[in-house]
Amino acid sequence: MNHARYIGVRILQTVPVLFGVSVVVFVIIHAAPGDPIVNMLGIEATEENIARLRAEYGLNQPVYVQYVKWIAGVLQGDLGRSITQDRTVAALVAARLPATLFLALSSMLVAVVIAVPAGVVSAARKGSLTDYLVTSGALTGISIPNFWLGLILILVLARGYGVLPAGNYVSPFENPVEAVQHVALPAITVGTAFAALIARQTRSSMLDTLNRESVRMAKSKGLPPRTVFVRHALKQSLLPVVTVAGLQFGYLLSATVVVEQVFAWPGMGRLIWTAVRQQDYPTVQGTVLIVATLFVLVNLLVDLAYSYLDPRVS
């Protein structure tokens, strides 16, 4: 019952957050200079055509009226219609979201597989050469720009040796093998930076946990070092790591714009960037709201994971 109530409260807390996001995005995109109708029609547009299209898309109405109509449509499942692509925003999101989720999950898998073992080993061998290599590698991973690493991987592994294809999304439901091959380079590019962050967090958390009284008590009872390390220290140290990983996964849903451009990846990042550049109001509003909703849901799942990793958290 406590867990059900907690979930209900957390879900209700997301409502004002998403409402605030919708207001901020709506105001900012409408306050930007320029006219999306003029951009769409070009320099040869007539005043008559501009007025007709502005009326057709409701852009001739006051901003607050436009917002009320838009949010009313959102509550009914209608995200609006793109000005520049003549498609519903829901259709655009449905076409791009699978690619973004696949890239985000693959990148996070790469990051976790690399970072957690590296952080644990670094903490277990504090002050050793291994610890120095892990911390140096983490600093290097954070410092390398994503676009530069992506270009290097394309030049060496894709163009140079032909080991892997240079991006281009293939659905894992259509051809799992090709999908993994095509997502490998983008996932490594994105996952490297996040692996560095998670490795540093894992190392720091493990060092803090190993100094706790409960772990020292387990050691004093004569338990094998492996048992103390895995059962007592590792599980407790995963709490902050889960937080960082969850937040980074939410960030991955919209922060891969540059990488998507480098690898021609048809994800949400490119969609949002193109919509902002073309001042496609409905598309920007709808996609940002979807990304914000996913981010909030990821944070909710992270909070629920807390209760599994540490029953004291409620």
Side-chain angles (χ1 to χ4, degrees), residues 5-41 50-101 104 246-247 249-257 266-304:
R5 182 179 180 183
Y6 173 72
I7 294 173
V9 171
R10 291 289 285 111
I11 292 175
L12 289 177
Q13 289 175 346
T14 65
V15 175
V17 173
L18 295 177
F19 173 74
V21 169
S22 69
V23 172
V24 171
V25 173
F26 194 93
V27 171
I28 290 177
I29 190 65
H30 281 75
D35 190 327
I37 301 300
V38 174
N39 292 338
M40 180 175 62
L41 294 178
I50 293 175
R52 178 177 59 80
L53 284 179
R54 287 184 64 83
E56 180 179 339
Y57 286 100
L59 298 177
N60 59 338
Q61 299 174 334
V63 174
Y64 68 90
V65 174
Q66 295 182 45
Y67 175 78
V68 170
K69 289 186 175 182
W70 174 69
I71 202 66
V74 169
L75 295 176
Q76 299 176 21
D78 181 13
L79 296 176
R81 191 173 189 85
S82 171
I83 295 176
T84 59
Q85 302 191 47
D86 196 27
R87 295 178 62 188
T88 63
V89 176
L92 293 174
V93 170
R96 300 294 189 99
L97 187 57
T100 293
L101 290 176
L247 293 176
F249 180 78
Y251 178 74
L252 282 173
L253 295 175
S254 60
T256 57
V257 179
M268 293 285 287
R270 289 183 71 187
L271 177 62
I272 294 174
W273 168 251
T274 303
V276 170
R277 191 162 47 86
Q278 297 176 343
Q279 290 189 295
D280 189 344
Y281 295 167
T283 302
V284 175
Q285 296 159 186
T287 51
V288 171
L289 187 62
I290 291 296
V291 170
T293 302
L294 292 174
F295 191 88
V296 170
L297 290 177
V298 168
N299 279 279
L300 176 60
L301 293 176
V302 170
D303 289 344
L304 296 179

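This one's a predicted model, so the numbers in the text were calculated from it and none came from an experiment.
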Please find the pair of heavy atoms, one from [X] and one from [Y], that lie closest to each other, and give the distance.
{"X": "P266", "Y": "A99", "result": "O-CB, 3.5 Å"}
{"X": "Q61", "Y": "Q66", "result": "O-NE2, 2.7 Å"}
{"X": "G80", "Y": "D78", "result": "N-OD1, 3.0 Å"}
{"X": "A94", "Y": "P98", "result": "O-CD, 3.1 Å"}

Distance in Å, [X] [atom1] paired with [Y] [atom2], rounded so as to fall on 0.5 Å steps:
{"X": "I71", "Y": "S22", "atom1": "CD1", "atom2": "OG", "answer": "4.0 Å"}
{"X": "W70", "Y": "L79", "atom1": "CH2", "atom2": "CG", "answer": "8.0 Å"}
{"X": "I29", "Y": "D280", "atom1": "CD1", "atom2": "CG", "answer": "8.5 Å"}
{"X": "L294", "Y": "L289", "atom1": "CG", "atom2": "CG", "answer": "10.0 Å"}
{"X": "E56", "Y": "R81", "atom1": "CD", "atom2": "CZ", "answer": "9.5 Å"}

Derivation of the side chain to side chain contact (heavy atoms under 4.5 Å, CB included) call for L92 and T287: CA-CA 9 Å; L92 293 174; T287 51; 6.0 Å; no
Look at the aromatic rings of F26 and Y67 and report parallel, tilted or perpendicular, splitting at 30° and 60°.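 Rings of F26 and Y67: perpendicular, over 60°.
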Could you check I83 against L59 for side chain to side chain contact (heavy atoms under 4.5 Å, CB included), going step by step and ending with a plain yes or no? CA-CA 11 Å; I83 295 176; L59 298 177; 4.2 Å; yes
Identify, with sequence neighbours excluded, every residue that meets side-chain hydrogen bond (donor to acceptor under 3.5 Å, both in side chains) alongside R52.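 For R52 there are no side-chain hydrogen bond (donor to acceptor under 3.5 Å, both in side chains) partners, ignoring immediate neighbours.
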Donor-acceptor pairs under 3.5 angstrom involving side-chain atoms of residues 267-276: please list them, not counting sequence neighbours.
{"residue": "T274", "atom": "OG1", "partner": "R270", "partner atom": "O", "Å": "2.9"}

